[in-house]
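Take a look at the structure below.
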Amino acid sequence: MFFKQGGKMSIKQNFKCLYPCLIIAVALMFTFFIAPAQSSAAEKQILVKMVGTLPVHHHLTKALEMFRDIVEKKAGDRVKFQLYPAQQLYNDKDLVNVLPKGAVEGAIINSGFWSGKVRAEGPMFFPLYSSSRDQFYKLFESKAWDLIKKDFEEEGNIKVLSMIEYGSSTIISKTPVRTLEDFKGLRTRAYGMYPAIFMQSVGASPVVMSSGDVYLALQRKTIDAAMSGVSSFVDRKWYEVSKYFLSINVCYSTPFLCAFNLDFWNKLPADLQKIFQDAAIETQEWTKNYTLESDVRYRNLLKEKGCTEIQISDEELARWSEKAVPALEAEYIKHYGAKARQILDLLPR
C-alpha cells in the first residue's frame, strides 16, 4: 500500500526498498536459467565423422570400431562418432583431398596414397627395404618418424596419432611370377608412389588404383597382378580371379594411419586429445598382434581356395632387391630433396 507525501512511506521510497529485491531476482534468474544454458552450450557434444576404406568384416574396420568404442567410453557423452566404413563415403584416393579440408574429422587412412602430398613418408612404403617386421617397427620410435609426422601436419594438415597395422604385403597374379624376368611388362596394381617405383624397377608396368577397383580390373584383365595385403586377397575375393601368390613378404608391414584433420584436432580440449591419443595406441597394438596370426591364416585360406603359393629363393629375392633399393632411394631424394637424405640417415638399420 502506498501513502501520500507526509504519510508513512512515499511511492519513491517504496521503489527504493524494492530495488534491491529486483537485483536479487535478476541474479537468481541468471543463476538458474541463463548460466546453465551457457554451460550447456559450452559442453555441446562433439560429433566426429570418421572414415574407413576396408570391407565391413576386415580387421581394420574392427579397428575403426574399437577406436570409437574406447573414446566414447572414456569421454562419456562429450563425444559421439559416426562411422563410414567400406568406402561408404570416401575411398583411399578421396581422403587425400577431403581429410585435410575437414570434410570429415578423422579416418584410418591408407597413407601409401599420400606420397604426393606428404613427401617425407616415402620410406614407410619401400618394398624389400626392411629385413624384418621388428626392424620396420623401429621406424615409429625414431627421429625419422618425428620428421615424417611433422610433414603430415605441415603439408597434409592432418594429425597422425598412430600406425594401424594392415599386415604384410605381397603379390597375387594371374600367371606365376618366379623370377625377375617374369615381371617384364606385367601390369600390376600398386597402392602408391613407391610400390609403383618398385614395380618399375623390376620391369613391371605399375597401375595405381584403389583396392576397391582391383577385383574388376583383374577379372577384365585390365591388370595382370596386384600388390596388397593377403587379407585383401581373401576378404575382397581376389582369389576368384587370380590363382598365384608369392611366398615372400614384399613389405613386412603395410602401415595405415589413424589420423585427424589438424584444425579439428587443435580445437579439441587437452583431456580429449589424450583420450584420442591413448585410444589410437591401444588400437595400434591390437592390430599388430592380430596380424601376426592372421597373415598366416589368410595364406592358408588362399591355398584352400585353390591358389598356388610361389616359392621365391633368397638368391632370386636378392636380384629383386638389387634393382629396387637404389631406385627407391633415388626417387625419394629426387622427390623430397635434402630432407630425404636426412630421413634416410635417421632410419633404423
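With no hydrogens or angles considered, a side-chain donor-acceptor pair links Tyr137 and Glu165 at under 3.5 Å. Using modelled atom types and a 3.5 Å distance limit, the side chains of Arg236 and Ser211 yield a donor-acceptor pair. Residues Thr179 and Glu316 have side chains that never bring a donor and an acceptor to within less than 3.5 angstrom of each other. Tyr191 and Ser169 share a side-chain donor-acceptor pair at under 3.5 Å.
Between Tyr332 and Tyr194, the ring-plane angle classifies as perpendicular under the 30° and 60° cut-offs. Using a 30° and 60° split on the angle between ring planes, Phe260 and Trp265 fall in the tilted class, from 30° to 60°.
Among residues two or more places apart in sequence or in another chain, the ring-ring contact (aromatic ring centres under 6.0 Å, His included) test is passed with Tyr90 by none.
In summary, Lys288 and Glu285 engage in a salt bridge, as defined by a charged side-chain N under 4.0 Å from a carboxylate O.
Pairs engaging residues 94-117 under the ring-ring contact (aromatic ring centres under 6.0 Å, His included) rule: none recorded [sequence neighbours left out]. Pairs passing the ring-ring contact (aromatic ring centres under 6.0 Å, His included) check and including a residue from residues 197-233, sequence neighbours excluded, read Phe233-Trp238.
Taking the six-membered ring for Trp and the full ring otherwise, the centers of Tyr298 and His59 sit at least 6.0 Å from each other. A distance of 6.0 Å or more separates the ring centres of Tyr252 and Phe136.
The closest donor-acceptor contact from the side chain of Ser173 to the backbone of Phe245 lies at 3.5 Å or more, if one exists at all.
In Lys323, the NZ atom is not crowded: 12 or fewer heavy atoms of neighbouring residues, nucleotides or ligands sit closer than 6.0 Å.
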